[in-house]
Amino acid sequence: KTNVERIRELKETYQFVLSTLPTISSVTTTAGSKCKLGDTIYISVLFTKSITSNTGAKLKLKGIKNGSTIGVDDVVYADYSGGSGSTSITFKYVVHEGDESDKLEVYNESGKGPIEGMTSANAHLDVLADANNLQENYTIAIDGKSPKVDTITITTDAVFGNINDD
């Protein structure tokens with residue numbers, strides 16, 4: 001047999017199936033530009049294909065300070081909210097007392113994807129392109145400080161008198 005015949009035979013004998021895992025295509029939110037104490041921020045991570053997630057998955061966020069501290073390694077977590085089996089997994093973060101941020105960000109460090117609790121067997125969870133990340137498309141400020149009353153002023157200019165029942 002000639003080499004061409006052998007190659008044709010190999011092509012007919014072996015079929016390769018390439019399967020690509022879903023990748024993160026973008027991160028979105030319906031949150032307003034300013035979130036206050038008790039607000040729930042829903043963040044959706046959109047994938048290129050349907051994905052299965054466990055309920056323990058967490059989205060890593062950064063840029064939230066609480067008093068003088070920031071989350072461990074400058075990271076706080078939004079908890080899994082739903083979407084397993086679809087192309088959009090939703091996470092939620094509730095603004096806590098003392099939380100502050102000028103611009104909420106999704107953690108995006110090379111080699112350490114933004115989602116914890118999901119394995120690379122489920123999806124490619126590596127760094128997002130800046131144009132597809134939350135902080136590039138939304139400016140979400142957080143003010144989790146409770147209002148405080150510093151002073152109360154009572155005016156004594158009111159006129160008081162007797163009421164005559166006649």
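This structure is a prediction, so every number in the text was calculated from the model and none was measured.
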Minimum heavy-atom separation for Thr90 to Ser44, with atom names? OG1-OG, 3.4 Å
Nearest-0.5 Å distance, NZ of residue Lys34 to CD1 of residue Ile140: 13.0 Å
Find the distance between OG1 (Thr29) and CD1 (Ile41) and round it off to the nearest 0.5 Å. 7.0 Å
Tell me the closest heavy-atom pair linking Gly144 and Leu37, and the distance in Å. O-CD1, 3.7 Å
Kindly write out the residues that satisfy side-chain contact (heavy atoms from CB on, under 4.5 Å) with Thr87, not counting sequence neighbours, or none if the list is empty. Ser50
Against Tyr93, only a single residue in Asp79, Thr40, Ile64 fulfils side-chain contact (heavy atoms from CB on, under 4.5 Å); can you say which? Ile64
With Asp102, which residues qualify under salt bridge (Lys or Arg N to Asp or Glu O under 4.0 Å), at least two apart? none
Which pair of heavy atoms, one from Ser53 and one from Ala57, lies closest together, and at what distance? OG-CB, 3.6 Å
Closest contact, heavy atoms only, Val94 versus Asp99: O-OD2, 4.2 Å
Please evaluate residues Lys58 and Tyr80 with respect to the criterion side-chain contact (heavy atoms from CB on, under 4.5 Å), reporting the C-alpha separation (whole Å), side-chain torsions for both, the decisive distance (0.1 Å), and the verdict. CA-CA 6 Å; Lys58 295 182 179 293; Tyr80 172 83; over 6 Å; no
Which atom names give the shortest non-hydrogen contact between Ala78 and Leu61, and what distance separates them? CB-CD1, 3.9 Å
Ser26 OG to Leu46 CG distance, which is reported to the nearest 0.5 Å: 4.0 Å
Would you mind listing every salt bridge (charged side-chain N to carboxylate O under 4.0 Å, His left out) that reaches into residues 137-147, with sequence neighbours excluded? Glu100-Lys145
Could you check if a side-chain atom of Thr28 sits within less than 4.5 angstrom of a side-chain atom of Ile43, using non-hydrogen atoms only? no
Looking at CD1 of Ile89 and CG of Leu59, how far apart are the two atoms once the value is rounded to the nearest 0.5 Å? 11.0 Å
How close do Ser84 and Thr52 get, counting heavy atoms only, and between which atoms? OG-CA, 3.5 Å
Which residues satisfy the side-chain contact (heavy atoms from CB on, under 4.5 Å) test with Lys103, sequence neighbours excluded? Gln135, Thr139
Residues in side-chain contact (heavy atoms from CB on, under 4.5 Å) with Ser86, at least two apart? Ser88
Does anything in residues 83-95 form a salt bridge (charged side-chain N to carboxylate O under 4.0 Å, His left out)? List the pairs, not counting sequence neighbours. none
